[in-house]
Amino acid sequence: MEASAIKKKKAFKMPHGYVVIFMILIFVSIMTYVIPAGEYQRVTNEAGQEVVVPDSFQYVEQTPVPFWNIPSLVMQSFTKQADIIFGIMIVGAGLEVLLSTGMFHAFCNKLSKACSGKEKWFIPLFLLLFASIGITQSTNKFIGFTPLGVMLAAMLGYDAVMGVAIVMLGIGIGFSSGIFAATTAVAQGLVGLPAYSGISMRIVAFIGLYIITVIFLIRYGEKTRKDPTKSVLYGVPDIKKFDVDEMDIQVEKRHYLVLVVFLVSFAVLIYGCLNFGWTLQENAIVFMWMGILSGLAYGYTPSKVASEFVKGAKGMTSAALIVGLGAACTLIMNQANILDTVVMGMASTLDYLPQLLKGPAMLIINMVASVFVTSGTGHAAVVMPILAPVADLAEISRQTLVLAYRMGDGICGYVQPHGGSLMPFIAAAAIPYEKWMKFFGKLWGMWVGFACILMVVCQLINYQ
């Protein structure tokens, strides 16, 4: 056979993140022609939340959404998600001013030299820091910290995916376990439980996810630090990275002023989130002031502050727009009236399972539901009133139901290309989706396996 006749197979290359999301949107559009339209009646409860009425489901006229309407729905989604989209850009802008002063470079450089040979012990420390933050806060509020995570990882000899993981998965551990998450209280209120009751198993969930993640990250980090060719990012161009040699910056007196601005800003941010329930919009305001004040404290002119501010906003544009694109998925399903049909169909499957598997099944139902409803609060409002009577009939305690919701909603967010918990983080570091999944896939399987085991335990002890 002649050489010219031999066709060389081309290696599969994962499409751009935007293309992946549009493929999902097209698939959902096709499903609107396949899945029957149906809906539950909705009422406003005493807390002012719109919830569904159990046993009120009925099929309605099919209203499919053609794929050519997707751009229109994307624009509507951008409008609805404007506070998050612009919030992410402002957070990135303020942080860019802070980073440009070299304060973090200088102190990270000093830290890395002091910790030479002990780098792996900082993985559990920083992971615990962000996991503790995630106990009360949602993930997308801390997208702006991605560059800091990548910088810290570079100084300690790790790759960019480690920097993203320490920040995002750290917060994800706290958020997924839902110890004091706002959505935990919402879900418990919807099923008639006292807010934040049954905390014991959520603490177990936190500890379990933390231990699993620490072990995984230490093993991966040490392996790639010793042999960079084993990194999932090896040879991948355009990854956000920091030249360690260029980060050999000495601490100056004005860096201490910038550090004070950062610490005070961070304290204000945490205090506001804990005491006033600040959203990303209020957080962005704090980052805006942090950027302005840190630039002036370092000696920048107002024009220099503005220049770095614009640079930072530009760098977060891709991450911000992904939020709007992903949220269009829910708009398509709502317009086609298929969301309630999907939830109703999943709930009916519990009747066919043995008792011990009903807890894990409830977890999986919530994981699937989170694919369709990416908002944690929206997920609770749609699913909890429907699943509460189902859980009662299946002899699943309502605390188990809430934990299944919280973990199902949480751990799925870090593999969904159309959600707001993953793509903005990896987009901020220019990490391709398939590389993230190559890194996180095994760990995600461990998270799911642990969550399923926890659900079985909840069933065995009749968790209340």
Side-chain angles (χ1 to χ4, degrees), residues 82-109 111 130 139-155 160-161 163-164 166-168 171 238-249 251-252 254-270 280-323 420 423-431:
D83 56 339
I84 297 178
I85 292 172
F86 288 108
I88 290 173
M89 294 177 69
I90 295 300
V91 166
L95 193 60
E96 181 65 29
V97 179
L98 178 74
L99 290 175
S100 69
T101 66
M103 182 275 290
F104 269 104
H105 301 68
F107 282 105
C108 283
N109 179 44
L111 177 66
F130 285 105
T139 314
N140 62 12
K141 293 180 182 179
F142 296 89
I143 293 168
F145 283 85
T146 300
L148 296 182
V150 174
M151 180 197 303
L152 179 63
M155 293 301 297
V161 78
V164 173
I166 288 173
V167 176
M168 180 174 66
I171 297 172
D238 303 323
I239 298 296
K240 185 176 183 65
K241 58 184 69 174
F242 295 89
D243 190 329
V244 177
D245 293 332
E246 292 181 358
M247 292 170 66
D248 190 10
I249 299 173
V251 178
E252 304 174 9
R254 52 184 177 171
H255 283 148
Y256 286 100
L257 293 176
V258 178
L259 178 61
V260 170
V261 171
F262 170 73
L263 292 177
V264 171
S265 300
F266 190 73
V268 169
L269 185 150
I270 297 299
L280 183 61
Q281 185 175 6
E282 288 81 17
N283 289 2
I285 295 171
V286 174
F287 272 87
M288 182 186 293
W289 277 111
M290 181 185 71
I292 294 171
L293 295 177
S294 62
L296 296 177
Y298 189 68
Y300 282 166
T301 64
S303 294
K304 176 64 174 176
V305 171
S307 176
E308 294 297 332
F309 194 87
V310 171
K311 179 181 175 182
K314 181 180 178 181
M316 293 298 284
T317 301
S318 177
L321 293 181
I322 280 178
V323 173
M423 295 301 285
F425 277 91
I426 62 175
I431 297 173

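Basis for what follows: all heavy atoms, side chains included, without hydrogens, waters or symmetry-related copies. These figures come from a predicted structure and were not determined experimentally.
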Item checked: Inter-residue atom distance Met290.CE - Leu263.CG, 0.5 Å rounding -> 11.0 Å
Next item on the list: Identify the heavy atoms of Ala429 and Val150 that sit nearest to each other, and give their distance.
Entry: CB-CG2, 4.2 Å
Margin query: Using 0.5 Å steps for rounding, measure from the CD atom of Glu308 to the CG atom of Leu99.
Written below: 9.5 Å
Checklist line | Sequence-distant partners of Lys314, salt bridge (Lys or Arg N to Asp or Glu O under 4.0 Å), two or more places apart | finding: none
Check: Which atom names give the shortest non-hydrogen contact between Ala313 and Thr317, and what distance separates them?
Finding: O-OG1, 3.2 Å
Item checked: Rounded distance [0.5 Å steps], CD1 in Ile88 versus CZ in Phe425 -> 8.5 Å
Next item on the list: Please name all residues satisfying side chain to side chain contact (heavy atoms under 4.5 Å, CB included) with Thr301, sequence neighbours left out, ordered by chain then number.
Entry: Ser303, Lys304
Notebook entry, point to check: Looking only at heavy atoms, what is the nearest atom pair of Ala284 and Gly87, with distance?
Noted result: CB-O, 3.7 Å
Item checked: Atom pair CD1/OH of Ile292 and Tyr300 - distance to nearest 0.5 Å -> 14.5 Å
Notebook entry, point to check: Do you know which two heavy atoms are closest between Val261 and Ala297, and how far apart they sit?
Noted result: CG2-CB, 4.3 Å
Checklist line | Nearest non-hydrogen partners of Gly94 and Phe309, listed with the distance | finding: N-CE1, 3.9 Å
Notebook entry, point to check: Measuring from Arg254:CZ to Ser294:OG, what's the distance to the nearest 0.5 Å?
Noted result: 12.5 Å
Notebook entry, point to check: Nearest 0.5 Å, what's the CZ-CD1 distance between Phe287 and Ile90?
Noted result: 12.0 Å
Margin query: If you compare all heavy atoms of Glu96 against all heavy atoms of Lys311, which two are closest, and at what distance to 0.1 Å?
Written below: OE2-CE, 3.6 Å
Margin query: Is the shortest side-chain heavy-atom distance between Leu152 and Ile166 below 4.5 Å?
Written below: no
Next item on the list: Could you point out which residue of Leu257, Val97, Leu98, Thr101 forms a side chain to side chain contact (heavy atoms under 4.5 Å, CB included) with Tyr298?
Entry: Thr101
Notebook entry, point to check: Is there side-chain contact between Gln281 and Phe86, with at least one heavy-atom pair below 4.5 Å?
Noted result: no
